[in-house]
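Below, read A as the first sequence line, B as the second, and so on, with proteins coming before strands; counting in each chain starts at 1.
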Amino acid sequence: MITERVQRVVTEWAAEEGWAETPVCRLERPAEEAHGDYATAVCLQMAKAARRPPLVLAEELRRHLLADPEVARAVDKLEIAGPGFLNFTLSRDAYVEAMAEMLAAGEDFGRGPERAHPRVNLEFVSVNPNGPLHVGHGRYAAYGDSLQRLLKFSGMNVATEFYINDYGRQMDRFGRSVAARYAQSFGVDLPVPNDGYQGEYVKEIAAGLRAEIGDRYAEALERAASRVTVAGAPGRNAGGARETAPEEVLYEEEEEETPDGLAEWPDDPAIKEAVDFFRTRACRVMLEQMKSELEAFGVVFDCWFSETGLHVDGRLERVVQRLLDAGEAYREGDAVWLRTTSRGDDKDRVLIRRNGAPTYFAADIAYHESKLERGFEHLINIWGADHHGYVARMKAAVEILSGRPGSLEIIIGQLVNLLEKGALRQMSTRRGEMVTLAELVRAIGVDAARFFLVSRSQDQTLDLDLDLARRHSQDNPVYYVQYAHARIASIIRNVPEGMEAGVPVGAEVFATPYEQALVKRLESFPAVVQDAAERRAPHRIAGYAQELAGDFHVFYKHCRVIGVGPEEGASRLALCLVTKRVVARCLHLLGVSAPESM
RNA sequence: GCGCCUGUAGCUCAGUUGGAUAGAGCGUUGGUCUACGAAACCAAAGGCCGGAGGUUCGAAUCCUCUCAGGCGCACCA
């Protein structure tokens, strides 16, 4: 196509002139119609290095371009404008050729060349399985999944992964919360811990487990209840299963005295067993729920990786030993530290605490070691903005493990704020304050939800007002795009026998600006894909899809496909076919359906 | 205090490896269905791109300062 051809001419010219650097010649769509179909500022950009005025360069480049037979054929006018722009006006041949190419490319139009290496691992969502997914998680699910689809379509070799944070204090709190609700269902006065999980779903899980095991742990927990020290803390209601006011829960307190949060429950083997049971089983329940919710949301992971496994199978110990042996880690003050400062971190980080317990960081290192051992050469993690303080140490750690800088890429996504009657509120699983992903999907559907969540740059914090979203769901731009697809499908259904798509050369082919605009938009699709993939920016696909749909709707308004001359009809049908494919592709990349009718 | 992200139309947001007169959707006002789907199209109104300096042919985009909001700066996860 013309863009590549122009670049080749510029490259040859640069070689001829003996310039050290080959200028990159980008053809842009000028805002102003009078500036032609494409424009480039390359002469302005290289004027300084070439030490010649831009207008002189433009004159020369123009001559070189017109001397190239392919460019000459594709261009009707090639004008020098302003301080040194080159403006291209395409010939009819250029449209015909571009269209023929796109039509021939079929379903694969826009797909990048397949690359087996590097093997890429993309990790996202990765939450504690101790509560339902809320829309914040949904945002990362939508973003991560679309990114995965986009990277694959651009040619990369990608596998996706969900790291299950099923180990540690949060999970113990969760287990005790479920145990407490279970006990309460027997009338036992065992309160949900101060720092436990208050959401309604905890009761439901407890009820589910009770249905399965009956009163197996009721007695042990009753014993626990009788020995729990109450100390006037909030959240302890006599009379069992009553809701605790979330805002009274003070989870900042007592962090010092009871660092593992478990001390307020007596140390009794039977109680411990009960808590273990509830933790493990509740975790499994949540995990299954997440899996099916994500699947319903169109998000499927290649691998679910359990943190607990790292502790159980000894990998964690091994990697710490390995780091010690390599001299990357050291002991100091009864703790084991990783020398992350050697790779740009602010300070060294603890792997094994003074009390012998490994940090979350150590487990994460073991996890990333596993990724590397499984043959992934490039690791991408998507994290929420609340974890960005963790980036430097993790990058340092992976660099130490792999011996290669840059092998871990971390994408920070901004958070989702919950908006209620104009008031802002941070979501919290522990307090049970959230809009769940399932609620959002129920309110506006998967297509609108995914489009909404992925249309914004991941760098942008997102305010979500569920009422507003529900009220405006009919205005969701996703329908604008889908409508274009359905409209084309309808045209195709009406195509009479014997009429076929094709790109004949003739005076009436691509004669209107509406057709030309559509061809140009379609032609840019491969570049949009590559650009969006490189920038990890699936929202650009959403933007492109809306522009493309817009071009199509305008075209539709002005140009009939059926019932016109044979050449006009064939070329317009071709335009419809390719547009339909590209719209469908965009929607698919966003995890949104492309309906034949709606 | 230090670091990261963000400030663009009334609202929600695109556009940021420097390009010509800054865009879209929603909302507002007014128009368009006797041929393929009006979930559409057309037109109007709406902006000191947070502010101030700087870099240069040219800045929403790059640099410095500044104001405002969000998020971080653990032997928590």
Side-chain angles (χ1 to χ4, degrees), chain A residues 24 26 28 30-32 34-35 39-41 44-45 47-48 53-54 81-85 87 127-128 165 167-171 173 255 259-261 307 333-337 346-347 349-364 384-392 412-415 417 424 426 452 455-463 465 468 472 474-484 486-496 534-535 539-540 542-544 546-547 549-550 552-554 556-564 569 572-573 576 597-598:
Chain A
V24 178
R26 276 184 28 229
E28 295 168 354
E32 189 67 28
H35 295 147
T40 180
L44 290 159
Q45 284 150 2
K48 194 167 274 180
F85 293 101
N87 293 338
V127 295
N128 295 105
N165 290 148
Y167 187 89
R169 196 203 296 180
Q170 290 305 331
M171 291 310 294
R173 285 173 178 162
E255 222 57 294
D260 59 1
E307 180 187 354
D334 291 331
V336 178
W337 300 71
D346 297 334
K347 53 198 249 190
R349 308 290 175 171
V350 170
L351 297 176
I352 307 292
R353 290 183 283 227
R354 220 174 334 186
N355 67 7
T359 57
Y360 179 83
F361 182 46
D364 224 351
D386 51 345
H387 286 85
H388 82 250
Y390 195 69
V391 169
I412 293 298
Q414 297 301 313
L415 303 175
N417 293 316
L424 264 182
Q426 202 61 227
F452 171 77
S455 300
R456 288 145 177 73
S457 154
Q458 81 285 350
D459 269 344
Q460 194 80 238
T461 51
L462 190 148
D463 293 341
D465 184 322
L468 213 64
H472 287 332
Q474 288 313 305
D475 303 327
N476 192 306
V478 74
Y479 300 119
Y480 182 77
V481 179
Q482 286 181 321
Y483 183 59
R487 236 181 181 179
I488 297 172
S490 170
I491 295 172
I492 290 171
R493 280 194 296 272
N494 288 324
V495 164
E534 272 164 34
R535 294 171 190 263
H539 74 274
R540 288 186 180 228
Y544 173 81
Q546 289 178 70
E547 288 167 348
F552 175 77
H553 288 308
V554 174
Y556 177 88
K557 195 72 186 176
H558 293 92
C559 303
R560 286 195 53 82
V561 177
I562 295 164
V564 292
R572 285 177 178 175
L573 185 55
C576 287
S597 67
M598 53 196 284

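With hydrogens and angles ignored, the 3.5 Å screen pairs a side-chain donor or acceptor of A:Thr359 with a backbone N or O of A:Val350. No donor-acceptor pair under 3.5 Å is formed between the side chain of A:Ser455 and the backbone N or O of A:His539. Side-chain atoms of A:Arg572 come within 3.5 Å of backbone N or O of A:Arg560 as a donor-acceptor pair. Under the 3.5 Å distance criterion, the side-chain polar atoms of A:His558 are matched with a main-chain donor or acceptor of A:Val554.
Residue A:Ser597 is classed as a base contact, given a heavy-atom separation below 4.0 Å to a base. Residue A:His539 is classed as a sugar-phosphate contact, given heavy-atom separations below 4.0 Å to backbone atoms only. Here A:Asn128 lies in heavy-atom contact (under 4.0 Å) with sugar-phosphate atoms only. Counting any heavy atom pair closer than 4.0 Å across all strands shown, A:Gly333 reaches a base atom. If you check every strand for non-hydrogen atoms under 4.0 Å, A:Ile562 touches a base. Looking at heavy-atom distances under 4.0 Å, A:Met598 makes contact with a base. Heavy atoms of A:Asn165 sit nowhere under 4.0 angstrom from any nucleic acid atom. Counting non-hydrogen atoms under 4.0 angstrom, A:Val561 reaches a base of the nucleic acid.
Here B:C42 presents its P atom at 9 Å from NZ of A:Lys557, a figure rounded to the nearest Å. For the pair A:Lys48 NZ and B:G58 C1', the computed distance is 12 Å after rounding to whole Å. Between A:Leu462 atom CG and B:C71 atom C1' there is a gap of 15 Å when expressed in whole angstrom units. Between the P atom of B:A39 and the CZ atom of A:Arg487 lies a distance of 8 Å, rounded to the nearest Å. In this entry the distance linking CD of A:Gln482 with P of B:A38 reads 17 Å, nearest Å. Rounding to whole angstrom units, OH of residue A:Tyr390 and C1' of B:C71 are separated by 17 Å. Computed from coordinates, the A:Arg349 CZ to B:A77 P distance equals 14 Å when rounded to whole Å. Atom pair A:Tyr556:OH and B:A39:C1' shows a separation of 13 Å (rounding to whole Å applied).
Open room surrounds CZ on A:Arg26; 12 or fewer heavy atoms of other groups in view lie less than 6.0 Å from it.
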Subject >> nucleotides 17-29 of chain B: protein proximity per nucleotide (B base, S sugar-phosphate only, - neither; heavy atom, under 4.0 Å) >> reply: S-BBB----S---
Original post:
Reading nucleotides 3-12 of chain B from the 5' end, what letters show protein touch, with B for base, S for backbone sugar-phosphate only, - for no heavy atom under 4.0 Å?
Top reply: BBSS-----S
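Between A:Tyr390 and A:Tyr360, the two ring planes are tilted [angle within 30° to 60°].
Rounded to whole Å, the P atom of B:G18 lies 13 Å from the corresponding atom of B:A59. B:C26 sits 28 Å from B:G19 when the P atoms are compared, rounded to a whole Å. Annotation: B:C63 and B:U16 have their P atoms spaced 15 Å apart (nearest Å). B:U61 and B:A9 have their P atoms separated by 15 Å, given to the nearest Å. Rounded to whole Å, the P atom of B:C48 lies 13 Å from the corresponding atom of B:A22. Comparing B:A77 with B:U66, their C1' atoms sit 37 Å apart, to the nearest whole Å. Nucleotides B:C62 and B:U28 place their C1' atoms 38 Å apart, quoted to the nearest Å. Rounded to the nearest Å, the gap between the P atom of B:A45 and that of B:U29 is 16 Å.
Residues A:His553 and A:Arg353 each lie close to RNA chain B; by heavy-atom proximity, the contact nearer the 5' end of the strand is made by A:His553. Remark on RNA chain B: of its neighbouring residues A:Ala486 and A:Asp334, the 5'-side contact belongs to A:Ala486, judged by nearest-heavy-atom nucleotide.
Anti is the conformation of B:C65, whose glycosidic angle sits further than 90° from 0.
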**OP:** Kindly express the pairing pattern of RNA chain B in dot-bracket notation, using | wherever a base pairs with another strand and counting only Watson-Crick or G-U pairs under 3.5 Å.
**Re:** (((((((..((((.....[...)))).(((((.......))))).....(((((..]....))))))))))))....
Grab the N/O contacts between the protein and nucleotides 60-63 of chain B below 3.5 Å, and write none if there aren't any.
none

List, with names and distances, any nitrogen or oxygen atoms from the protein found under 3.5 Å away from nitrogen or oxygen atoms belonging to nucleotides 43-47 of chain B.
none

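Atom CG of A:Asn494 sits about 5.0 Å away from atom CD1 of A:Ile562, to the nearest 0.5 Å. Between atom CG of residue A:Asp334 and atom CD1 of residue A:Ile352 there is a gap of 12.5 Å, rounded to the nearest 0.5 Å. Here the CG-CZ distance, from A:Leu44 to A:Phe85, works out to 5.5 Å after rounding to the nearest 0.5 Å. Note: A:Arg493 CZ to A:Ile488 CD1 = 11.5 Å, rounded to the nearest 0.5 Å.
For A:Gln170, the side chain to side chain donor-acceptor pair (under 3.5 Å) partners two or more places apart in sequence, or in a different chain, are A:Tyr197. Partners of A:Tyr483 by ring-ring contact (aromatic ring centres under 6.0 Å, His included), not counting sequence neighbours, listed by chain and number: A:His553. With sequence neighbours left out, A:Ala392 forms a side chain to side chain contact (heavy atoms under 4.5 Å, CB included) with A:Asp345. For A:His472, the side chain to side chain contact (heavy atoms under 4.5 Å, CB included) partners two or more places apart in sequence, or in a different chain, are A:Leu468, A:Asp475. Listed by chain and residue number, nothing satisfies the ring-ring contact (aromatic ring centres under 6.0 Å, His included) test with A:His387 (two or more places apart in sequence, or in another chain). For A:Glu32, the side chain to side chain contact (heavy atoms under 4.5 Å, CB included) partners two or more places apart in sequence, or in a different chain, are A:Ala34, A:His35. Scanning for side chain to side chain contact (heavy atoms under 4.5 Å, CB included) contacts around A:Ala39 gives A:Pro30, A:Asn87, with sequence neighbours left out.
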Original post:
Step by step, would you call A:Asn417 with A:Asp463 a side chain to side chain donor-acceptor pair (under 3.5 Å)?
Top reply: CA-CA 5 Å; A:Asn417 293 316; A:Asp463 293 341; 3.2 Å; yes
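Distance from the side chain of A:Asp386 is smallest to B:C71 among B:C71, B:A77, B:C42.
A cation-pi contact, defined as under 6.0 Å to the ring centre and within 45° of the axis, links A:Arg487 to A:Tyr556.
Phosphate proximity of B:A39 to A:Tyr483: present, with a side-chain N or O under 4.0 Å from OP1 or OP2.
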